[in-house]
Amino acid sequence: MTDQSPAPDEPDVRVSVTVGTGLGNVELRYRACLTAATTFIRESTGRADMRAALSGNPSADLRRLPNERLYLL
């Protein structure tokens, strides 16, 4: 796992993901470069079991979005 952005020229944003489970909701927070985060949000739109949102100023202690570089392809 790397902590480096796959697009170092882009700003990082916070990605908040809420996943519905049979036992309630689970909220996950990541940081990702703007392009990968936007693609992730677009691809997850319409899923009944998940909501995702972007916001600015991610804290440095957040993990990067899993498989972030794949959202740049």
Side-chain angles (χ1 to χ4, degrees):
M1 177 174 26
T2 180
D3 195 44
Q4 295 180 357
S5 174
D9 295 338
E10 290 189 18
D12 278 347
V13 294
R14 178 189 301 249
V15 180
S16 298
V17 180
T18 304
V19 180
T21 71
L23 301 174
N25 292 333
V26 175
E27 186 172 348
L28 307 166
R29 294 184 191 105
Y30 301 103
R31 65 185 162 114
C33 68
L34 182 58
T35 299
T38 302
T39 302
F40 175 80
I41 296 292
R42 185 177 52 240
E43 289 184 4
S44 64
T45 298
R47 289 191 53 169
D49 61 340
M50 184 172 82
R51 289 186 322 249
L54 301 181
S55 60
N57 301 326
S59 60
D61 62 334
L62 290 176
R63 291 182 50 206
R64 298 207 71 83
L65 182 68
N67 299 311
E68 176 182 9
R69 65 180 179 80
L70 297 178
Y71 293 101
L72 297 176
L73 301 176

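For this chain, numbers begin at 1 and follow the sequence in order.
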Would V15 and L54 count as a side-chain contact (heavy atoms from CB on, under 4.5 Å) here? Give the steps. CA-CA 5 Å; V15 180; L54 301 181; 3.8 Å; yes
Sub-3.5 Å donor-acceptor pair from the side chain of E10 to the main-chain atoms of C33, do we have one? no
Could you report the tightest heavy-atom contact between E43 and Y71, atom names first, then the distance? OE1-CE2, 3.5 Å
Scanning both residues in full, the closest heavy-atom pair of Y30 with L62 reads O-CD1, 3.7 Å
Listed partners of S59 passing side chain to side chain donor-acceptor pair (under 3.5 Å), at least two apart: D61
Side chains of R47 and V19: closer than 4.5 Å at any heavy-atom pair? no
Which residues satisfy the side-chain contact (heavy atoms from CB on, under 4.5 Å) test with T21, sequence neighbours excluded? L23, V26
Rounded to the nearest 0.5 Å, what's the gap from CG on N67 to CZ on F40? Could you check? 10.5 Å
Considering all heavy atoms of both residues, which atom of R31 and which atom of D12 are nearest to each other, and what is their separation? NH1-OD2, 3.5 Å
To the nearest 0.5 Å, what is the distance between CE on M50 and OG1 on T45? 8.0 Å
With rounding to the nearest 0.5 Å, note down the distance linking CZ in R51 to OG in S44. 11.5 Å
Given 3.5 Å as the limit, does a donor-acceptor pair link the side chain of E68 with the main chain of P6, or not? no
Can you tell if the side chain of R14 reaches within under 4.5 Å of the side chain of N57, non-hydrogen atoms only? no
Residues two or more places apart in sequence or in another chain: which of them pass side chain to side chain donor-acceptor pair (under 3.5 Å) with R29? E27
Shortest non-hydrogen contact from A52 toward I41: CB-CD1, 3.2 Å
Any chance you could measure T18, atom OG1, to D49, atom CG, to the nearest 0.5 Å? 11.5 Å
